[in-house]
Amino acid sequence: MTKSEFPTILVLGSTGSVGEQALDVAAQCGITVLGISANRNWRRVAEQARQFGVKAAAMSDEGAARELRAALADTDIRVFGGSEGILEMIRESRAAFAVNSILGEAGLLPTLAVLDAGMDMALANKESLVVAGEIVMRKAREKQRRITPVDSEHCAIYQCLRSGEPKEIKKLILTASGGPFFGKTTNELQGLTVDDALAHPTWSMGAKITVDSATLMNKGFEVIEAAHLFGVGADRIDVVVHRESIIHSMVEYIDNSIIAQMSVPDMRLCVQYALTAPRRTPAVIPPLDLVSIGKLSFFPPDEETFPLLAAARRALAAGGAAPAALNAVNEIAVGAFLERRISLLRIFEIVLGVMEDMPHAQNAHTLSEILDIDREAREKALTRI
């Protein structure tokens, strides 16, 4: 593809791991970036804004927005402030495509705003689908917009599904690295620290998602995400631990053939494919050397030691706002762990305990009801910290 064939884009969450990689892909491919957003890191946003010559930048933190305006006062770049400012930037942008890599539930309203603005989207904010998957996918259908997943597992499945018809799918197989605590027992998890949890064996990610990978909560969220993205029931979504992180996920078809997508573990490929699908363009990542890898290994997930994967399946089966509650309480618990206020095992106890207290979450379906459940779950979680 030539530069003119690439869509003009917004990068939401531009200072995070995926956002930085999205901008790296844009730089390598000559993609025009019209707008960027972040939370508080205005210094990095100022650097990005100048590098890419953006038209607009938004900071969800109002104080950071003021600092950014001052830093960019010698330019014509328009700076938006606050959560509403990000939505305003999206509505006013003339971009054709948005990369949403905002962290957490905060990415949901921007996801809906992108679709309402008539843009296609590369979605790295899995919480949009975990919290309000039915609403987001219905909006995409109504607006006739394409959502291309950026998570490596869902990007892999998206590619593998080109090998067959939806009616030919037997099951989706999500791979998991197993994180830094693979093979450990519950007793061995006692006393492990934040630094231990952040020592991921293969991927370089933000702190919150790295902890979720260590607890297998991230894989549970990905099961929910896959169910919404691909219209496949949870009973046809398997998880297998694959330590090498070379096979990013697989699709098994009714003839028992399995199609897998493989590459070195590098999110830039996922961003690149999301921007160009269904076409492919020259590589922005290193090639895969199978000989040097030597072998690929697979194991079942340990759902007894890591119970949050099963909790995610239960939330998906319950429906309504149960997944939103799960996401909310997990955000609070992981945040407390990262602040060294609770232990790793306490994350499990808080998440499972709050979910037991909220069976009514499955009865909430509208956006306002879901957001109410989200707030309730956070409040209940905070009382347990």
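All values below were derived from every heavy atom in this structure, side-chain atoms included, with hydrogens, water molecules and symmetry-related copies excluded. Quick caveat, the model's predicted, so the values are computed rather than measured.
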Look up atom CE in M119 and atom CE in M121, then write down how far apart they are to the nearest 0.5 Å. 10.0 Å
Show which residues join L103 in its hydrophobic cluster (side-chain heavy-atom contacts under 4.5 Å, direct or indirect), or state none. none
Using every non-hydrogen atom in the two residues, find where W42 and A71 come nearest and quote the distance to one decimal. CZ3-CB, 3.8 Å
Hey, mind stepping through Q190 and S343 against side-chain contact (heavy atoms from CB on, under 4.5 Å) and telling me if it holds? CA-CA 8 Å; Q190 295 183 23; S343 68; over 6 Å; no
Is it true that V240 and I157 fall in one hydrophobic cluster, defined by side-chain heavy atoms closer than 4.5 Å? no
Please check this pair: side chain of Q21 against backbone of S17, looking for a donor-acceptor N/O pair closer than 3.5 Å. yes
Between D24 and V284, is any pair of side-chain heavy atoms under 4.5 Å apart? no
Side-chain contact test, heavy atoms from C-beta onward, threshold under 4.5 Å: evaluate it for E105 versus N327 and give yes or no. yes
Determine, step by step, whether Q261 and S249 satisfy the side-chain hydrogen bond (donor to acceptor under 3.5 Å, both in side chains) criterion, reporting the C-alpha distance in whole Å, the side-chain angles of both residues, the deciding distance to 0.1 Å, and the verdict. CA-CA 6 Å; Q261 187 267 326; S249 277; over 6 Å; no
Can you name the closest pair of heavy atoms from V264 and P287 and give their distance? CG1-O, 3.6 Å
Is there a side-chain contact between L108 and V136 (heavy atoms, below 4.5 Å)? yes
Are the charged groups of E20 and R44 less than 4.0 angstrom apart, N to O? yes
Min side-chain heavy-atom separation I173-K171 under 4.5 Å: yes
With the 4.5 Å side-chain cut-off for hydrophobic clustering, are I9 and L115 part of the same group? no
Residue from V114, L123, I147 passing side-chain contact (heavy atoms from CB on, under 4.5 Å) with S128: L123
Once you measure the plane-to-plane angle for H242 and F298, does it fall in the parallel (<30°), tilted (30-60°) or perpendicular (>60°) bin? parallel
For atom CZ of R146, is the number of surrounding heavy atoms from other residues, nucleotides or ligands below 6.0 Å larger than 12? yes
Within the 4.5 Å heavy-atom criterion, are D302 and V241 side-chain neighbours or not? no
Check this for me: does any side-chain nitrogen of one of D357 and K380 sit under 4.0 Å from a carboxylate oxygen of the other? no
Answer yes or no: is there a side-chain heavy-atom contact under 4.5 Å between R162 and I259? no
Could you tell me whether E142 atom CD has more than 12 heavy atoms of other residues or ligands within 6.0 Å of it? yes
Side-chain heavy atoms of L189 within contact of F348, under 4.5 Å: yes
Could you tell me whether the side chains of Q159 and H154 share a donor-acceptor contact shorter than 3.5 Å? no
In short, salt bridge (Lys or Arg N to Asp or Glu O under 4.0 Å) pairs touching residues 227-237 with sequence neighbours left out are none
Taking atom types as modelled, find out whether D195 and T193 have a side-chain donor-acceptor pair closer than 3.5 angstrom. no
Can you tell me how far CG of L12 sits from CG of N125, rounded to the nearest 0.5 angstrom? 9.5 Å
Give a yes or no on whether D76 atom CG has more than 12 heavy-atom contacts from other residues, nucleotides or ligands under 6.0 Å away. no
Main-chain N/O of G220 paired to R313 side chain as donor or acceptor, under 3.5 Å: no
Under 3.5 Å: donor-acceptor pair, side chain of N100, backbone of G107: yes
Would D212 and K126 pass as an ion pair if we require N to O under 4.0 Å? no
Measure across A124 and V18 and return the closest heavy-atom pair with its distance rounded to 0.1 Å. CB-CG1, 3.8 Å
Any luck finding a side-chain donor-acceptor pair between H248 and T175 under 3.5 Å? no
Under 3.5 Å donor-acceptor, S93 side chain and I90 backbone: no
Check this for me, if you would: do R341 and E339 make a salt bridge, where the nitrogen-to-carboxylate-oxygen distance has to be below 4.0 angstrom? yes
So does D238 pair up with K170, basic N to acidic O under 4.0 Å? no
Just by distance, no angles: are the side chains of N218 and S213 close enough, under 3.5 Å, to form a donor-acceptor pair? no
Linked, directly or transitively: L10 and M267 (ILVMFWY side chains, under 4.5 Å): no
For the pair L345 and T186, evaluate side-chain contact (heavy atoms from CB on, under 4.5 Å) and give the outcome as yes or no after the intermediate values. CA-CA 8 Å; L345 289 178; T186 300; 4.2 Å; yes
I'd like to know if E88 pairs up with R78 as an ion pair, taking the criterion as any Lys NZ or Arg NE/NH1/NH2 lying under 4.0 Å from an Asp or Glu carboxylate oxygen. yes
Distance-minimising heavy-atom pair for I77 and A57: CG2-N, 4.1 Å
Distance (rounded to the nearest 0.5 Å) between I350 CD1 and R384 CZ: 8.0 Å
Run the numbers on R66 and D61 for salt bridge (charged side-chain N to carboxylate O under 4.0 Å, His left out), then give the verdict. CA-CA 9 Å; R66 288 192 293 272; D61 181 88; over 6 Å; no
Quick one: do F182 and F299 satisfy ring pair (Phe, Tyr, Trp, His ring centres under 6.0 Å)? Show the steps, please. CA-CA 10 Å; F182 172 73; F299 307 89; 5.1 Å; yes
Quick one: does any side-chain atom of T276 pair with a main-chain N or O of T281 as donor and acceptor, under 3.5 Å? no
Would you say E244's side chain and S297's backbone share a donor-acceptor pair under 3.5 angstrom? yes
Look at the side chain of S101 and the backbone N and O of G13, then say whether any donor-acceptor pair between them is shorter than 3.5 Å. yes
Do V239 and I246 share a hydrophobic cluster, counting only Ile, Leu, Val, Met, Phe, Trp and Tyr and linking them when any side-chain heavy atoms are less than 4.5 Å apart? no
Above 12 or not: heavy atoms from other molecules or residues under 6.0 Å from CD of E349? yes
Are more than 12 heavy atoms from other residues, nucleotides or ligands located less than 6.0 Å from atom CZ of R43? no
Judged by atom type as modelled, is there a donor-acceptor pair below 3.5 Å linking the side chain of Q28 to the main-chain atoms of V25? no
Is the backbone N or O of L308 less than 3.5 Å from a side-chain atom of E303, with the two atoms forming a donor-acceptor pair by type? no
Does the distance from a Lys or Arg side-chain N to an Asp or Glu carboxylate O, for K219 and E153, drop under 4.0 Å? yes
Shortest non-hydrogen pair, E369 vs N363, comes out as OE1-O, 4.4 Å
Counting distance only, does the side-chain N/O of R40 pair as donor-acceptor with the main-chain N or O of A64 below 3.5 Å? no
Value for CG (N39) from CD1 (I102), rounded to nearest 0.5 Å, stands at 9.5 Å
Minimum side-chain heavy-atom gap Q272-L269 below 4.5 Å: yes
I need the D120 CG to Q144 CD distance, nearest 0.5 Å. 11.0 Å
For I385 and A333 the tightest heavy-atom approach is CD1-CA, 4.5 Å
Same cluster or not: are V11 and F97 linked, directly or through other Ile, Leu, Val, Met, Phe, Trp or Tyr residues, by side-chain heavy atoms under 4.5 angstrom apart? yes
Just how far is it from atom CD of E222 to atom CG of L309, taken to the nearest 0.5 Å? 10.0 Å
